[in-house]
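Report on the structure given below.
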Amino acid sequence: MATIIGGIGSTHVPAIGKAIAEKKQNDPYWKPFFKGFDYVHYWLARTRPDVAVVFYNDHGLNFFLDKLPTFAIGAADEYRSEDEGWGIPVSRPIPGDAALSWHLINALVADEFDVTTCQDMLIDHAVTIPMALMWPGPVWPIKIVPVEINTVQHPLPTLQRSLRLGRSIGRAIESYEKDLRVVVIGTGGLSHQLDGTRAGFINKEFDLLCLDKIVGDPETLTRYSIHDWVQESGSQGVEFLNWMAMRGTLTGRVTELSRNYHIPISNTAAATVVYDNQKETARKAA
Ligand code: DHB
Ligand code: FE
């Protein structure tokens, strides 16, 4: 059976792609951010996942405001990216695991999550930047299943709904008959606002509360409405919905293995975390 080995949370700011292209990882501005990935690289080398389920929000590359699903899931053998206009190199394509996608889609619809299924889907910086951060080498040794959550055009799903989507996908992964090792990734955030009179808004106190609570008590965070969240975290801080879904998939004993929090990267409070997901049986055997 497939197992969920753990979760990773990662910011997806496009400027990171430019820093990677220009090899600026050790520049004073970038170093404190890139250092946060040392543990991620160590952990991925040790745990060697086969597939990554990636919760992210599309920013207008595959979906636009005329048609924007609340939840969409890729069901392709390969995902391409395109130039989004950020001035960064277009990412290499990423292989998909279409068989796992269809298993998840069947389980989600049976569980009353009526997701949009995409057999052709462009992925944007919210997938490709975290991939480049997690696997900095010339090859990405992993297949993906991308899961899009609308964080762009209101009404957005609630934090509770996102957590439940994650739980449903977690149960579905664990009922998959192949012996796959699955890592679940949530991208975006933490606090940031790119537009309007509060452009540049960051809330460190609220971000640290989120990072503390999401590990052992994510339910507490579901008490915030989306409008509360915009107030506390900025209009793009709602990308935390992707983190809530990631957390929802982790059904074992969840512990924080690593955390890096750094302000600012571009307009964003950047956070990188790794969560362990220890199952009861694995704990007994240990
Ligand atoms: C920035 C942050 C984002 O989440 C994004 O999607 C684009 C840009 C930024 O801080 O520049
Ligand atoms: Fe974003």
Side-chain angles (χ1 to χ4, degrees), residues 8-22 24-25 27 29-30 32-34 36-37 54-65 68-72 79 81-91 121-134 144 146-154 156-157 159 162 185-204 206-207 210-211 214 226 229-246 260-273:
I8 298 177
S10 168
T11 296
H12 63 218
V13 175
I16 297 164
K18 201 161 165 58
I20 292 172
E22 293 173 359
K24 289 194 169 157
Q25 289 91 335
D27 279 18
Y29 179 87
W30 290 102
F33 169 72
F34 279 98
F37 280 83
V54 187
F55 292 98
Y56 76 107
N57 57 290
D58 183 87
H59 298 71
L61 182 67
N62 190 72
F63 302 111
F64 200 59
L65 304 181
L68 187 41
T70 302
F71 301 125
Y79 300 94
S81 194
E82 275 180 7
D83 187 355
E84 297 173 66
W86 297 104
I88 58 177
V90 173
S91 160
M121 191 185 199
L122 290 171
I123 40 153
D124 77 0
H125 68 272
V127 177
T128 61
I129 294 289
M131 291 291 291
L133 284 164
M134 290 182 287
I144 63 166
V147 186
E148 175 266 358
I149 298 179
N150 170 27
T151 72
V152 172
Q153 178 161 260
H154 294 256
L156 309 184
L159 288 133
S162 209
I185 296 158
T187 89
L190 296 183
S191 62
H192 62 304
Q193 171 142 348
L194 302 179
D195 44 22
T197 51
R198 288 204 311 168
F201 175 81
I202 278 176
N203 186 347
K204 180 174 179 181
F206 185 70
D207 288 339
C210 294
L211 291 173
I214 196 173
I226 288 295
W229 207 275
V230 169
Q231 187 72 36
E232 296 292 340
S233 186
S235 51
Q236 279 73 42
V238 291
E239 290 177 346
F240 198 74
L241 285 167
N242 302 321
W243 288 55
M244 286 296 271
M246 173 271 284
N260 188 47
Y261 179 81
H262 178 70
I263 298 172
I265 287 298
S266 189
N267 298 291
T268 299
T272 311
V273 300

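We count ligands from 1, going down the list as the structure has it; atoms in each ligand are counted the same way.
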Roughly how far, to the nearest 0.5 Å, is [atom2] of [Y] from [atom1] of [X]?
{"X": "Ser162", "Y": "Asn150", "atom1": "OG", "atom2": "CG", "value": "10.5 Å"}
{"X": "Ile123", "Y": "Asn62", "atom1": "CD1", "atom2": "CG", "value": "10.0 Å"}
{"X": "Gln236", "Y": "His192", "atom1": "CD", "atom2": "NE2", "value": "5.5 Å"}

Phe64 CZ: over 12 foreign heavy atoms closer than 6.0 Å: no
More than 12 heavy atoms of other groups within 6.0 Å of Glu232 CD: yes
Residue, atom name and distance, where the atom is the protein heavy atom closest to [atom]:
{"atom": "atom 9 (C) of ligand 1", "value": "Ser266 OG, 3.4 Å"}
{"atom": "atom 10 (O) of ligand 1", "value": "Thr268 OG1, 2.7 Å"}
{"atom": "atom 7 (C) of ligand 1", "value": "Pro14 CD, 3.3 Å"}
{"atom": "atom 4 (O) of ligand 1", "value": "His192 NE2, 2.8 Å"}

Under a 3.5 Å threshold, yes or no: a donor from one side chain and an acceptor from the other, between [X] and [Y]?
{"X": "His59", "Y": "Glu239", "answer": "yes"}
{"X": "Thr151", "Y": "Asn242", "answer": "no"}
{"X": "Ser191", "Y": "Asn203", "answer": "no"}

Location of contacts on Tyr56 toward ligand 1, heavy atoms closer than 4.0 Å: neither
Mode of Thr11 contact toward ligand 1 - side chain, backbone, both, neither (heavy atoms, under 4.0 Å): neither
Close approach, Gln236 and ligand 1, non-hydrogen under 4.0 angstrom: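 It does not, in that no heavy atom of Gln236 comes within the 4.0 Å cut-off of ligand 1.
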Non-hydrogen atom of Ala15 closer than 4.0 Å to ligand 1: no
Ring geometry between Trp30 and Phe33 (parallel below 30°, tilted from 30 to 60°, perpendicular above 60°): perpendicular
Which of the ligand 1 atoms, numbered from 1, are nearer than 4.0 Å to a heavy atom of Trp86: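 Heavy-atom distances to Trp86 below 4.0 Å select 7 (C), 8 (C).
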Donor-acceptor under 3.5 Å (Thr11 side chain, Ala271 main chain): yes
The Fe ion (ligand 2): protein N, O or S atoms [distance under 2.8 Å]: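 Listed by chain and number, the atoms are His12 NE2, His59 NE2, Glu239 OE2.
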Heteroatom proximity flag, His125 to ligand 1, N/O under 3.5 Å: yes
ring-ring contact (aromatic ring centres under 6.0 Å, His included) against Tyr79, all qualifying residues, sequence neighbours excluded: none
